Amino acid sequence: MPESKRFFITGGTLSTDAPSYVRRPADDLLVDWVADGELCMVLAPRQMGKSSLMVNSLKHLREKGVCPVIVDLQSLGSYHEPDAWFAEIAYRIEEQVVLQTDVPQWWAANAHRGATSRFMLFLEQVVLKETGDAPVAIFFDEVDSTLSLPFSDEFFTTLRSLYNEKAHNPVLQRLRFVLLGVAMPMEFIKDRSRTPFNIGRQLELTDFNSDDLDHFREVLADENKQVVNRILYWTGGQPLMLQRMAETASTLGPDEKTPEAIDRVAETFYLAKGAKGDRHLHFIRNYLLKEDLPRRKLLKTYGKVLQAKTVAYDDQSPIHARLLLAGVVMEREGHLLQRNEIYVRVFDQNWIKRHIPADAVKRALWGVSIALVLVLSWFLVLKPLWWPDFIPFQKMEWQTENIYYKKQTHLFLDIPMPQGKFRKIIKGEQKIDHNPASESGKPQMLSLSCPRLEQGPNRFRIRFYGLWPGEKSYECNVVVVSLPPGEQRMPSAKIEMVTLPGGEFRMGCQSGDKLCQEDEKPVHSVTVSPFSIGKFEITQAQWEAVMGYNPSYFKACGEECPVENVSWHHIQEYIRRLNRLAGETYDLPTEAEWEYACRAGTETPIYSGKLDILGENNAPDLDPIAWYGGNSCVDYEGGWNCQDWKERQIKCSTCGTHQVGLKQANAFELHDMIGNVWEWCRDWYGTDYYSNSTNKNPFGPESGSTRVNRGGGWGNSPRSVRAANRSWNSPGFRSDSLGFRLVLRPVQ
């Protein structure tokens with residue numbers, strides 16, 4: 001029988017020959033998954049045996065011919081720049097893998113590359129090249145220590161890129177990654193505009209159960225299982241707590257090993273007043289009370305678990321993730337449950353109340369009372385007297401303006417007054433004389449003079465002040481769009497169109513294109529009928545002439561730049577008004593019409609031919625035909641700050657949209673079909689629609705929650721600026737990189 005004091009280890013990593021090491025299903029799964037080439041994640045609370053699992057897997061991986069490397073990310077220290085940080089990782093790898101290359105010299109010689117690009121090249125051309133045919137598994141321990149780094153997103157996107165590149169790069173197929181730490185995958189990439197870290201397989205580390213501890217009973221001389229079962233009652237099988245209490249139990253005499261004695265051990269170590277400073281409990285306490293999440297919501301959720309109420313687990317909830325990683329709860333069959341009796345006793349309802357201050361409710365009530373008095377004074381006395389609220393009237397579905405289209409330069413408009421009498425009426429800053437109400441008290445028409453109208457939209461705001469403070473006041477925004485004399489229709493309605501002959505084409509991502517996404521497959525033959533499509537994207541001037549306002553973020557770009565920051569719903573209103581003015585039937589293109597027009601008879605990724613990508617924002621093949629993340633520099637005010645964009649071929653401080661038509665057109669003489677701004681399409685988006693669509697004039701799925709966007713925009717990497725690339729957004733979404741062009745259909 002081994003000596004008990006050498007058997008139990010209550011701190012640090014357990015070596016491969018530690019007699020108290022308990023093998024769990026995760027031991028075999030980790031070795032098998034790594035050997036099979038998976039990216040594995042071991043994400044669990046502290047003191048769950050993550051590092052011990054890692055160390056014990058090394059021997060078995062070597063037996064399978066895998067070369068393992070461990071990089072403790074916490075020991076790297078803090079860096080403000082990614083170059084030195086990635087270099088330090090490379091040096092740590094060099095220390096464990098025998099390399100002929102002088103890594104510091106190689107790293108310096110490739111300084112012209114970005115840090116992430118250099119690190120990827122180092123793994124492929126140095127590590128994998130010099131390790132022969134052996135797979136290389138890199139264990140990144142303490143990944144949670146990277147989350148505070150300003151470039152942490154770059155680290156995880158680099159791992160994702162290497163993982164995805166394995167599909168078409170045989171060399172990288174020998175590379176494996178294992179991530180260990182106290183974190184959740186949702187935390188790895190903080191920039192929500194980037195694709196989440198949705199790769200790899202996550203390994204669950206479970207607490208020990210009674211069947212795992214037969215060798216513990218042998219050391220403890222616990223033939224009737226009373227001691228081990230009582231330890232499990234208190235710890236729930238939490239590895240550190242179980243080892244610690246078992247070690248103390250092993251020092252007791254044969255007659256002293258009773259359930260009551262184990263209760264006293266739990267009291268001494270964890271429940272007594274002086275035990276609250278235990279390092280393990282101290283970490284849990286600090287982790288629960290971190291200020292990055294709403295503490296009240298977190299503690300209320302935890303309180304429901306303590307009260308044994310049903311709490312359904314949400315794998316996208318940061319609150320649930322924090323409780324799991326703190327270790328105070330566990331997830332079983334889709335619900336959050338109490339984890340062990342010690343945590344229930346230490347972090348109990350009283351502990352929750354202490355950290356939601358008892359006087360907070362009283363202070364809130366006093367604050368609400370005072371605020372209520374102030375609010376009532378404001379709304380009932382001060383505001384009605386000096387700053388009345390103006391209620392819009394004659395309101396349209398989504399816009400408060402009343403728009404009139406006139407050819408006269410001087411005219412009168414009759415505006416219905418919302419009620420009979422007012423204290424005063426103001427147009428802009430000018431007071432308007434008005435007749436008193438009729439004897440019947442019915443609302444009158446206000447005759448509004450609009451002299452010297454300028455060509456295009458003219459905006460007026462009319463305000464009607466109530467007779468006394470507190471009475472309702474109203475306002476009405478009026479837009480008069482003045483047409484030049486002799487014009488029967490809007491000149492800007494004459495959008496320059498190109499008539500396409502129609503025909504058959506291959507829609508989707510072509511075979512052999514390594515940039516293909518799943519929703520771009522399968523490539524399939526589609527026939528479209530002849531149609532006309534805008535030669536350019538709709539401009540800010542064309543939008544404002546019809547709608548009377550300019551919603552664009554990049555107004556400083558100029559009126560010949562594409563209109564953006566418009567939703568699909570807004571575009572439908574624009575089309576309705578435009579068709580009424582022009583007497584035509586304009587519409588958004590279907591997704592099939594858009595791709596047919598974009599390809600212009602080609603089957604390559606871009607309509608000018610090949611697309612070689614040299615860096616994250618560097619694709620010279622795009623420069624003649626598209627504005628994208630590598631060349632969209634601007635010098636007007638209001639441009640987007642792009643000085644930190646990675647691997648750009650053109651360095652500048654601001655980027656944005658450009659005037660339409662400056663880049664080369666495709667074979668159909670259409671400009672900016674890719675780049676500048678994304679373009680809304682008519683279709684609902686469907687992930688698998690290409691497998692189910694009709695072959696002739698497909699009009700998209702019958703229903704959905706998002707509409708299709710195509711073409712890529714000024715801020716996108718080359719991967720998105722392709723003929724086949726698909727994106728989507730809800731119909732109400734607006735963005736400074738999202739606009740549209742129109743098609744012209746036969747009048748019904």
Side-chain angles (χ1 to χ4, degrees), residues 396-399 401 403-405 456-457 479 481 483-484 487-502 528-552 559-598 600 660-661 665-666 668-673 676-684 697-700 707-711 729 731-734 738-748:
M396 303 185 72
E397 287 185 4
W398 61 276
Q399 187 181 3
E401 286 85 354
I403 299 184
Y404 299 84
Y405 300 96
V479 176
V481 179
L483 305 179
E487 284 285 348
Q488 298 300 313
R489 294 177 178 170
M490 290 290 294
S492 58
K494 299 175 181 178
I495 300 168
E496 190 171 354
M497 308 296 287
V498 176
T499 300
L500 306 187
V528 295
S529 301
F531 65 99
S532 298
I533 189 168
K535 187 173 184 177
F536 309 104
E537 294 158 332
I538 293 298
T539 66
Q540 297 180 24
Q542 289 169 331
W543 177 279
E544 187 168 7
V546 175
M547 302 301 288
Y549 73 103
N550 184 356
S552 302
E559 63 180 14
E560 293 305 313
C561 294
V563 67
E564 21 80 12
N565 202 31
V566 289
S567 73
W568 192 91
H569 290 314
H570 290 171
I571 294 170
Q572 301 310 301
E573 178 65 17
Y574 173 84
I575 291 173
R576 185 185 69 80
R577 295 183 182 183
L578 178 63
N579 287 340
R580 179 162 61 89
L581 289 168
E584 302 283 3
T585 307
Y586 288 101
D587 195 3
L588 286 174
T590 66
E591 191 173 9
E593 289 172 335
W594 186 96
E595 188 168 331
Y596 175 78
C598 178
V660 300
N666 67 9
F668 285 156
E669 295 299 320
L670 304 176
H671 293 265
D672 301 308
M673 285 300 297
N676 217 6
V677 291
W678 289 87
E679 298 181 15
W680 283 105
C681 291
R682 170 177 171 170
D683 297 5
W684 290 108
N697 293 324
F699 268 71
R707 296 281 185 176
V708 174
N709 309 142
R710 297 298 294 263
N729 277 296
F733 178 77
R734 298 192 297 168
L738 185 52
F740 68 106
R741 76 177 68 220
L742 295 177
V743 296
L744 183 60
R745 305 194 187 281
V747 177
Q748 299 298 319

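Since the structure is predicted, the reported quantities are computational estimates derived from the model, not experimental observations.
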**Asked** Does the ring of Trp678 carry Arg710 above it, NZ/CZ under 6.0 angstrom from centre and within 45° of its axis?
**Response** no
All heavy atoms of Arg741 vs all of His671, minimum pair found to be NH2-O, 2.7 Å
Notebook entry, point to check: Checking side-chain contact (heavy atoms from CB on, under 4.5 Å) for the pair Leu742/Leu588: CA distance, chi angles, key distance, verdict?
Noted result: CA-CA 5 Å; Leu742 295 177; Leu588 286 174; 4.2 Å; yes
Taking every heavy atom of Ala597 against every heavy atom of Asn666, the minimum-distance pair comes out as O-ND2, 2.9 Å
Between Pro731 and Trp684 the two heavy atoms that sit nearest each other are CG-CZ3, 4.1 Å
Q: Without swapping roles, check the side chain of Asp683 against the backbone of Thr590 for a donor-acceptor pair under 3.5 Å.
A: no
Residues Pro589 and Val743: closest non-hydrogen pair is CB-CG1, 3.5 Å
Here the gap from Gln542 atom CD to Phe536 atom CZ, rounded to the nearest 0.5 Å, amounts to 9.5 Å
* Asked: So, do Glu584 and Leu744 sit near enough that their side-chain heavy atoms are less than 4.5 Å apart?
  -> yes
Worksheet item: Where do Asn709 and Trp680 land on the side-chain contact (heavy atoms from CB on, under 4.5 Å) test, with the steps shown first?
Response: CA-CA 5 Å; Asn709 309 142; Trp680 283 105; 3.1 Å; yes
When rounded to the nearest 0.5 Å, the distance separating CZ of Arg707 from OG of Ser567 is 11.5 Å
Rounding to 0.5 Å, atoms SG (Cys598) and CG (Leu670) come to a distance of 9.0 Å
In this structure, CD of Glu564 is separated from CZ of Arg734 (nearest 0.5 Å) by 10.5 Å
Stepwise side-chain contact (heavy atoms from CB on, under 4.5 Å) check, Ile495 with Met497
CA-CA 6 Å; Ile495 300 168; Met497 308 296 287; 3.9 Å; yes
Classify the angle between the aromatic ring planes of Phe740 and Trp543 as parallel (below 30°), tilted (30 to 60°) or perpendicular (above 60°).
perpendicular
Side-chain (Asp672) to main-chain (Gly661) donor-acceptor, under 3.5 angstrom: yes
Evaluate the criterion side-chain contact (heavy atoms from CB on, under 4.5 Å) for residue pair Val566 and Tyr574; output intermediate values, then yes/no.
-> CA-CA 10 Å; Val566 289; Tyr574 173 84; over 6 Å; no
Side chains of Val563 and Ser552, heavy atoms from C-beta outward: is any pair under 4.5 Å?
yes
Distance col, row Asn579:CG vs Asp587:CG, nearest 0.5 angstrom, shows 8.0 Å
If only atom types and distance count, is the side chain of Asn697 paired as donor or acceptor with the main-chain N or O of Ala592 below 3.5 Å? no
Are Leu500 and Val528 close enough that some pair of their side-chain heavy atoms sits under 4.5 Å apart?
no
Problem - Exam field: side chain Asn550 to backbone Glu544, donor-acceptor pair closer than 3.5 Å - result: no
Taken to the nearest 0.5 Å, the spacing of Trp594 CH2 from Met673 CE works out to 5.0 Å
Is the shortest side-chain heavy-atom distance between Arg682 and Glu593 below 4.5 Å?
no
